[in-house]
There are 2 protein chains.
Amino acid sequence: MTPPAPLHLSLAGQAVDVLREQVLTGEIPPGSRVNEVEVAQKLGISRGPLREAIRHLASEGLLTLVPHRGAFVPDASPEDVRALFELRTALECAAAELAASRRTDVDLVRLQDVCAESRHNYKAGQPFPYRLDLAFHQTLIEAARSPYIAEQVRLVQQRVVLLRSALEDDPPHQHASMDDHDELVRAVADGDAAKASTVMRRHLSRVCAQMITSLTH
Amino acid sequence: MTPPAPLHLSLAGQAVDVLREQVLTGEIPPGSRVNEVEVAQKLGISRGPLREAIRHLASEGLLTLVPHRGAFVPDASPEDVRALFELRTALECAAAELAASRRTDVDLVRLQDVCAESRHNYKAGQPFPYRLDLAFHQTLIEAARSPYIAEQVRLVQQRVVLLRSALEDDPPHQHASMDDHDELVRAVADGDAAKASTVMRRHLSRVCAQMITSLTH
DNA sequence: AAACTGCCAACTGTCGACAGTTGACACGTT
DNA sequence: AACGTGTCAACTGTCGACAGTTGGCAGTTT
């Protein structure tokens, strides 16, 4: 058995959180290097815990390690995006199927709430915030109740966020995304696993294409 | 841009390989703890690189970390196995689909070779070695040509190996597995993605059930 | 005897310092 | 001027030691 539960947060753990934030927000821009002594001083910790944090983020795909050179924030090619979305599609389609067959009523309500909020914002003239898109997918994953899939989706989502030089507000795309989400909710509500999977695949295919086009411009 | 290529292997990297081997072979039995100073001495290295190796294996799911207690080799419950196979199914079904649509002729030959070797061994009275089962799935993954999916499959496979207190030689199950493999090859040969996915799902469902039963006995 | 309290050994978390490697710049050669 | 060579600074990889926390044991109390 895997012994008891955690307690508080080590310096390495804190460093992971801070660095992850800085990488995802672009505060540390893609392509740049992470200087161990410099960052360690800035965080007020030693190089040991920082190294562990760097290795951890590298295992999440948010940094790439080069021996004797250091850690770099990766910036991806269109080909990388395509390959990454193949993984994301595999995971989220499976999650959509499971969610369709396992969802509870409160899961359904949560999904509908997120969609409603998106619509409301959109009609009020505000753009469809990435925050709500993430929330939708996150809620769907939770409804699937498959912890290992959920964990992997979380990691993939992070990498996608890292690559989004292209959250560009493209209204047609946003509208289509919200339609996809609504259709997904209906499929999940009906317990139609096959349809949920199909819709999710189409949705992610569209999102992937959108990211690639706005990445190459 | 992710700068140049690697070179040789750091102490931490070597420690990862050695420890992974020891964990997967059961030399370090499930449930046992990994003492940092003890193992570091045994490997002839310092605690720093060893800690990095431990963290790395933890990120692969081969160890679980408990703050201030150390690293443990996890042993899973049937529920864990089920959840893990949900992930494996998601990944390998997607890989099977991709393989069906992307495979080259040499991919096909390789798959057929592995199946042929399995049959040959089996008819010679020898059991269906786990080695060949792994080789089959590995070959199929390569045919899918999706690097991110491939990497995740590799990690999941490792965790499955870790849990196999149950490679028990169950002839009916082995026979069924070989039939599944053959059917998969046919689907891949025909470029029938839907069938490949379906067969893979059924195959893994059977394997999962087998593991759970021989885990609870 | 059971339960609570305080102490102790063992181990992890963290730190600062040294050694080895890398990439770049300056110098000398052709 | 272009190329090859030697040197150097910067950074990573590694180490040994100290500090803080945990779980367990002995001793005491009820």
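All values below come from the heavy atoms of this structure, side chains included, with hydrogens, waters and symmetry mates left out. Protein chains get the first letters and strands the later ones, always in sequence-line order, with residue 1 at the start of each.
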Tabulate below the donor-acceptor pairs under 3.5 Å that side-chain atoms of residues 105-115 of chain B make, not counting sequence neighbours, or state none.
{"residue": "B:Asp105", "atom": "OD1", "partner": "B:Arg103", "partner atom": "NH1", "Å": "3.3"}
{"residue": "B:Asp107", "atom": "OD2", "partner": "B:Thr104", "partner atom": "N", "Å": "2.9"}
{"residue": "B:Asp107", "atom": "OD2", "partner": "B:Thr104", "partner atom": "OG1", "Å": "3.1"}
{"residue": "B:Asp107", "atom": "OD2", "partner": "B:Arg145", "partner atom": "NH1", "Å": "2.7"}
{"residue": "B:Asp107", "atom": "OD2", "partner": "B:Arg145", "partner atom": "NH2", "Å": "3.4"}

Output side-chain donor-acceptor pairs under 3.5 Å for residues 41-50 of chain B, partner residues at least two apart or in another chain, one line each.
{"residue": "B:Arg47", "atom": "NE", "partner": "B:Glu36", "partner atom": "OE1", "Å": "3.1"}
{"residue": "B:Arg47", "atom": "NH2", "partner": "B:Glu36", "partner atom": "OE1", "Å": "2.8"}

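- Atom NE2 of B:His68 and atom C1' of C:dT12 are 7 Å apart (whole Å).
- For the side-chain hydrogen bond (donor to acceptor under 3.5 Å, both in side chains) test, residues two or more places apart in sequence or in another chain that qualify with A:Ser77 are A:Asp80.
- With rounding to whole Å, B:Leu65 atom CG is found 13 Å from C:dG13 atom C1'.
- In terms of the side-chain hydrogen bond (donor to acceptor under 3.5 Å, both in side chains) criterion, A:Ser177 has no residue partners (sequence neighbours excluded).
- Straight-line distance from the CD atom of B:Glu38 to the C1' atom of C:dA10: 12 Å, rounded to whole Å.
- Between A:Glu36 atom CD and C:dT14 atom P the separation is 16 Å, expressed in whole Å.
- Taking atom CG of residue B:Leu50 and atom P of nucleotide D:dC15, one finds them 10 Å apart after rounding to whole Å.
- By the ring pair (Phe, Tyr, Trp, His ring centres under 6.0 Å) test, B:His203 pairs with B:His137, B:His181, sequence neighbours left out.
- Here B:Glu151 pairs with B:Arg154 in a salt bridge; the nearest charged N to carboxylate O distance falls below 4.0 Å.
- Between the CZ atom of A:Arg51 and the C1' atom of C:dT14 there is a distance of 14 Å, rounded to whole Å.
- Listed candidates were D:dG13, C:dT14, D:dC11. Nearest to the side chain of A:Arg33 is D:dC11.
- Among C:dC11, D:dC11, D:dT22, the nucleotide with an atom closest to any side-chain atom of B:Asn35 is C:dC11.
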Scan nucleotides 16-19 of chain D against the protein and return all N/O pairs shorter than 3.5 Å with their distances rounded to 0.1 Å.
none

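- Donor-acceptor pairing under 3.5 Å is lacking for the side chains of A:Glu52 and A:His56.
- Computed from coordinates, the A:Glu52 CD to D:dG13 C1' distance equals 14 Å when rounded to whole Å.
- Comparing C:dG13, D:dT12, C:dT14 against the side chain of A:Val37 picks out D:dT12 as the nearest.
- For the pair B:Arg69 and C:dT12, the criterion of a side-chain N or O lying under 4.0 Å from OP1 or OP2 is not met.
- Residue B:Gln14 contributes atom CD, which lies 12 Å from atom C1' of D:dG13 at whole-angstrom precision.
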